[in-house]
**Student:** 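Please see the structure below; I have some questions.
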Amino acid sequence: MEKTLFIVKPDGVRRGLVGQVLQRIEQRGFQLERLEYRSAVSSELIDQHYEQLLDKAFYPAIRAFMTSGPLVVGVISGPKVIECWRTMMGATLPEEALPGTIRADFAHAASPGGTIENIVHGSDSAASAAREIKLWFGE
Ligand code: UDP
Ligand code: MG
């Protein structure tokens, strides 16, 4: 069965949204394969996770955001789960996300030029999912 990696980012944990994110996963019928609360995530891990963003001028702020507090990381499985979870998350910018998506329903609009605090992460392809699951869970 197809698998993807998801993260409830530090803003989602701080705002008490872990339960509501997990509820949406369960309501959609996806299986939880792995689920971990990580109280201290290293900069090195975030750098590897976001390797395609490393050379961007704004990347240091993303690293600071992703290491700013505990996060919850997991693996879910189901038919077309990679694309479906991306749809459930909504667009990267909360102000562009469609109503009913996690980012539209819970995230605040990004401040101009600031880091986009958008509650959740999801792998964007089968190759990314395999890479990210191995990175976070070593399998
Ligand atoms: N991000 C940001 N500013 C940008 C681009 C990205 O703060 O200009 C952050 C944001 O939290 C985003 C993450 O970096 O979710 C990864 O960016 P990506 O383009 O992969 O978006 P996603 O796949 O999360 O929708
Ligand atoms: Mg991405």
Side-chain angles (χ1 to χ4, degrees):
M1 188 61 77
E2 189 171 303
K3 292 181 185 177
T4 199
L5 184 106
F6 78 95
I7 296 174
V8 184
K9 297 182 181 185
D11 59 329
V13 174
R14 268 195 291 276
R15 292 181 47 209
L17 297 172
V18 175
Q20 294 191 77
V21 172
L22 294 178
Q23 183 175 31
R24 287 180 182 221
I25 288 170
E26 291 187 313
Q27 278 177 343
R28 191 74 190 218
F30 292 136
Q31 290 295 313
L32 274 170
E33 304 282 348
R34 304 293 297 257
L35 185 65
E36 286 187 16
Y37 177 88
R38 302 266 180 108
S39 54
V41 174
S42 71
S43 297
E44 290 73 24
L45 178 58
I46 296 304
D47 289 354
Q48 287 178 268
H49 177 75
Y50 280 136
E51 63 177 13
Q52 84 284 6
L53 297 177
L54 272 181
D55 56 359
K56 305 274 189 212
F58 54 78
Y59 177 72
I62 295 176
R63 179 203 284 130
F65 164 52
M66 290 297 292
T67 57
S68 66
L71 56 72
V72 169
V73 59
V75 177
I76 49 177
S77 66
K80 297 200 173 180
V81 68
I82 296 169
E83 186 187 348
C84 187
W85 176 243
R86 295 281 303 182
T87 303
M88 289 167 68
M89 291 198 307
T92 306
L93 273 174
E95 53 269 48
E96 292 176 358
L98 291 177
T101 63
I102 292 166
R103 286 165 165 176
D105 291 353
F106 299 120
H108 303 311
S111 48
T115 303
I116 305 162
E117 302 201 355
N118 52 11
I119 316 285
V120 279
H121 166 79
S123 310
D124 62 10
S125 66
S128 296
R131 189 185 74 82
E132 293 171 8
I133 290 168
K134 188 156 186 264
L135 179 64
W136 287 85
F137 291 104
E139 59 194 45

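Each ligand, and each atom within it, is numbered from 1 in the order the structure gives. Positions are given from 1, in the same order as the sequence printed here.
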**Student:** Mind checking what makes side-chain contact (heavy atoms from CB on, under 4.5 Å) contact with Glu96, not counting sequence neighbours?
**Tutor:**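 side-chain contact (heavy atoms from CB on, under 4.5 Å) check on Glu96 returns Ala91, Leu93.
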
**Student:** Give every pair made of an N or O atom of ligand 1 and a protein N or O atom lying under 3.5 Å apart, one pair per line with both atom names and the distance to 0.1 Å, or write 'none'.
**Tutor:**
unit_1, atom_1, unit_2, atom_2, d
ligand 1, 7 (O), Ile116, N, 2.8
ligand 1, 11 (O), Lys9, NZ, 3.1
ligand 1, 11 (O), Ile116, O, 2.7
ligand 1, 15 (O), Lys9, NZ, 2.9
ligand 1, 15 (O), Asn118, ND2, 2.9
ligand 1, 21 (O), Thr92, OG1, 3.3
ligand 1, 23 (O), Arg86, NH1, 2.8
ligand 1, 23 (O), Arg86, NH2, 3.2
ligand 1, 24 (O), Arg103, NH2, 3.1
ligand 1, 25 (O), Thr92, OG1, 2.5
ligand 1, 25 (O), Arg103, NH1, 3.1

**Student:** Return the OG1 to CD1 distance between Thr4 and Ile133, rounded to the nearest 0.5 Å.
**Tutor:** 6.5 Å

**Student:** Could you check whether Arg86 pairs with Asp124 (Lys NZ or Arg NE/NH1/NH2 to Asp/Glu carboxylate O, under 4.0 Å)?
**Tutor:** no

**Student:** Do Phe6 and Tyr37 share a hydrophobic cluster (ILVMFWY, side-chain heavy atoms under 4.5 Å, transitive)?
**Tutor:**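 Yes: a chain of side-chain contacts under 4.5 Å links Phe6 to Tyr37.
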
**Student:** Taking the six-membered ring of Phe106, is NZ or CZ of Arg14 closer than 6.0 Å to its centre and within 45° of its axis?
**Tutor:**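 Here Arg14 fails the 6.0 Å and 45° test against Phe106.
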
**Student:** Take a 6.0 Å sphere around CD of Glu83 and say whether it holds more than 12 heavy atoms from other residues, nucleotides or ligands.
**Tutor:**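 No, not enclosed.
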
